**Q** 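Sharing a structure, written as structure tokens. Questions coming.
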Amino acid sequence: MKVLMSSTSYPRNAEDWRGRFIANLAAGLSRRSDLALSIWAPPGELPPHATCATSTKDAAWLHDLSKHGGIAHLLHNKKQNAIGAIIGLLARLRKIYKGNHADVIHINWLQNALPLWGTKTPAVISVLGTDFGLLKLPGMKLLLRAVLRQRRAILAPNAEWMKPELESAFGDLAEICPIPFGVDTTWFELHRKPCDDGKQHWLVITRLTKNKLGDLFEWGEDLFDATRVLHLFGPMQEQIALPSWIQYHGPTYPAELVGTWFPKATGLITLSRHDEGRPQVMLEAMASGLPIIASDLSAHRDFIQHRQTGWLASSKIDFAEALHFMEHPNQNKLIGEAARNWAKKEIGTWDDCAARYAALYAKLLDKQP
């Protein structure tokens, strides 16, 4: 099967945090002998057996867009620039969709499906939590319905909680098949070692925006100090003043987390109020046996069982109790082991994820007249 994958995010190198899950998925797909994968994405190291579908001009344009934080960042901070970027993106995607000879197009993010208009190639569209903000824009559902009506398509949200809304909006035109992303085997093989400095090291790994940070500053006030340390990682995407009790390390990347931070950490914290899908860093933490304290969102309830595979906090009192509970060595170990077992059973590796997507491609082609 000839598969064209499109994505507006892709890591430039091993230390780039952007689009890491796209690179991992592409690597899994490229290892399959039943697929011939080509990729249209920002410049970066492609996996073996995958071919580049990005022209030199498109690669330079996408690289420049990535440097400016992507379209979502432009929409939030520089709306005038965002309009030009959106038009440029849609034009480039339309050209590659119309000129391709793929059996199936695999599109990441709903907005990247709009340029399919006027083509008939079957499509698998990966839907992430951020796509639900797009669906709130006036006329967007109608535009996407017009695109879906022209072809056989499967919408593949990366979490089960998205399915009902997608079925309500598009279920008469496309099949909705939740497909969880995978986790690299490195995380499953990680061995945690308690830090011998007498401190509890808690990690927050996120893009720094008000919604992604959520209640962290308010709830964390007076709970962290020199012996219970909060380490914050991620790119500063909004100008946010950080409290003095937070240790900010800037953006990070998988090798640093695996080699330095996850082994010695007490747990991972995410108090996001953002439209979440199923955040990859949370899956990686669970695969590593690292306990998670998360805000009580529907996205988090979708895969965290309270006090079994993690902790869902809905107030500062909840949060303080969670910290105390998770810092008990036996409870920390039990929660971590339960989380890892869940990740092995329900998520698996990127090869498992690639197999799930390959089954969708085949399903679409079997429906061809």
Side-chain angles (χ1 to χ4, degrees), residues 15 17 187 190-274 279-296 300 304 307 309-337 339-340:
E15 296 184 2
W17 57 272
W187 304 102
L190 185 144
H191 296 285
R192 296 179 61 211
K193 301 175 183 177
C195 199
D196 58 5
D197 62 0
K199 300 179 181 180
Q200 303 287 344
H201 294 275
W202 288 93
L203 311 181
V204 176
I205 304 167
T206 185
R207 292 180 286 111
L208 270 67
T209 69
K210 290 181 180 178
N211 279 341
K212 292 290 283 185
L213 291 168
D215 295 303
L216 180 65
F217 296 165
E218 181 182 352
W219 292 2
E221 186 74 35
D222 302 325
L223 293 179
F224 294 93
D225 51 31
T227 57
R228 178 190 277 161
V229 186
L230 188 66
H231 302 274
L232 176 61
F233 300 84
M236 182 77 75
Q237 294 193 327
E238 294 178 6
Q239 290 305 310
I240 295 173
L242 302 179
S244 60
W245 45 267
I246 285 179
Q247 292 191 17
Y248 178 53
H249 302 273
T252 186
Y253 52 95
E256 183 179 46
L257 294 176
V258 169
T260 303
W261 292 102
F262 273 27
K264 71 178 183 181
T266 305
L268 179 78
I269 296 170
T270 174
L271 299 181
S272 173
R273 294 193 300 262
H274 187 71
Q280 194 63 25
V281 70
M282 295 176 72
L283 297 182
E284 291 164 350
M286 295 177 82
S288 303
L290 188 65
I292 296 174
I293 300 175
S295 48
D296 192 7
H300 296 158
I304 291 180
R307 298 184 71 140
T309 60
W311 189 291
L312 298 171
S314 56
S315 68
K316 182 170 183 174
I317 294 174
D318 273 353
F319 183 55
E321 184 181 356
L323 293 171
H324 180 74
F325 181 89
M326 295 292 194
E327 287 170 355
H328 188 283
N330 288 342
Q331 291 162 176
N332 189 285
K333 183 178 179 181
L334 287 173
I335 292 284
E337 288 178 350
R340 173 174 272 170

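None of these values were measured; they are calculated from a predicted model.
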**Q** The criterion is salt bridge (Lys or Arg N to Asp or Glu O under 4.0 Å); which residues satisfy it with R228, sequence neighbours excluded?
**A** E327

**Q** Out of curiosity, F262 CZ to E256 CD, how far, rounded to the nearest 0.5 Å?
**A**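 So the CZ of F262 and the CD of E256 are separated by 11.0 Å.
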
**Q** Provide the closest heavy-atom pair for M236 versus Q239 in the form atom of the first, atom of the second, distance.
**A** CG-NE2, 4.4 Å

**Q** According to side chain to side chain contact (heavy atoms under 4.5 Å, CB included), who are the partners of A339, at least two apart in sequence or on a separate chain?
**A**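 So A339 forms a side chain to side chain contact (heavy atoms under 4.5 Å, CB included) with M286, T309.
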
**Q** Does CG in D197 sit with more than 12 non-hydrogen atoms of other residues, nucleotides or ligands closer than 6.0 Å?
**A**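 Buried by this count: over 12 neighbours within 6.0 Å.
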
**Q** Distance check, rounded to the nearest 0.5 Å: L203 atom CG versus K264 atom NZ?
**A**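 L203 atom CG to K264 atom NZ measures 9.0 Å (nearest 0.5 Å).
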
**Q** Is there a side-chain contact between T270 and H300 (heavy atoms, below 4.5 Å)?
**A**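 Touching, per the 4.5 Å side-chain cut-off.
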
**Q** Tell me if a side-chain donor or acceptor on E238 pairs with a main-chain N or O of K210 at a distance below 3.5 Å.
**A** yes

**Q** Starting at CG of L323, measure out to CG of L223 and round the result to the nearest 0.5 Å.
**A**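 So the gap between those two atoms works out to 6.0 Å.
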
**Q** Could you report the tightest heavy-atom contact between T266 and Q200, atom names first, then the distance?
**A**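 Looking at all heavy atoms of both residues, the shortest contact is OG1-OE1, 2.7 Å.
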
**Q** Of all residues at least two apart in sequence or in a different chain, which pass the side chain to side chain contact (heavy atoms under 4.5 Å, CB included) check with E218?
**A**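 Side chain to side chain contact (heavy atoms under 4.5 Å, CB included) list for E218, sorted by chain: D215.
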
**Q** For Y248 and P243, indicate whether the former's side chain and the latter's backbone hold a donor-acceptor pair under 3.5 Å.
**A** no

**Q** For A265, is there any backbone N or O sitting under 3.5 Å from a side-chain donor or acceptor partner on R192?
**A**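 Pair found, side chain donor or acceptor close to backbone of A265.
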
**Q** If you look at every heavy atom in S295 and L271, which pair is closest and at what distance?
**A**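 Taking S295 first and L271 second, the nearest heavy atoms are OG-C, 3.4 Å.
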
**Q** For the residue pair L230 and L216, establish whether any side-chain heavy-atom pair is separated by less than 4.5 Å.
**A** yes

**Q** If the condition is ring pair (Phe, Tyr, Trp, His ring centres under 6.0 Å), which residues does F319 pass it with, not counting sequence neighbours?
**A**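 If we apply the ring pair (Phe, Tyr, Trp, His ring centres under 6.0 Å) test to F319, skipping adjacent residues, there are no hits.
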
**Q** Is there a side-chain contact between W245 and E221 (heavy atoms, below 4.5 Å)?
**A** yes

**Q** Can you confirm whether I304 sits close enough to W311 that some side-chain heavy atom of one is under 4.5 Å from a side-chain heavy atom of the other?
**A** no

**Q** Minimum heavy-atom separation for W17 to T252, with atom names?
**A** CB-O, 3.6 Å

**Q** Who are the salt bridge (Lys or Arg N to Asp or Glu O under 4.0 Å) partners of E321, not counting sequence neighbours?
**A**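 Only R307 meet the salt bridge (Lys or Arg N to Asp or Glu O under 4.0 Å) criterion with E321.
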
**Q** Does the side chain of I269 reach to within under 4.5 Å of the side chain of M326, using non-hydrogen atoms?
**A** no

**Q** Working note: L190 + R340, criterion side chain to side chain contact (heavy atoms under 4.5 Å, CB included); need CA distance, chi angles, decisive distance, verdict.
**A** CA-CA 11 Å; L190 185 144; R340 173 174 272 170; 4.2 Å; yes

**Q** To check you understand the geometry: which heavy-atom pair defines the closest contact between A294 and M282, and what is its length?
**A**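 Closest approach of A294 to M282: CB-CE, 4.0 Å.
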
**Q** Could you check whether any side-chain heavy atom of L232 comes within less than 4.5 Å of a side-chain heavy atom of L208, counting everything from C-beta outward?
**A** yes

**Q** State, with a plain yes or no, whether a side-chain heavy atom of W187 is found less than 4.5 Å away from one of L283.
**A**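 A side-chain contact is absent here, since even the closest heavy-atom pair is not under 4.5 Å.
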
**Q** Can you name the residues that form a ring pair (Phe, Tyr, Trp, His ring centres under 6.0 Å) with W261, not counting sequence neighbours?
**A** H231, F233, H249

**Q** Can you give me the closest heavy-atom contact between G310 and I335, atom names plus distance?
**A** N-CG2, 3.8 Å

**Q** Would you call D318 and W219 a side-chain contact if the rule is heavy atoms closer than 4.5 Å?
**A** no

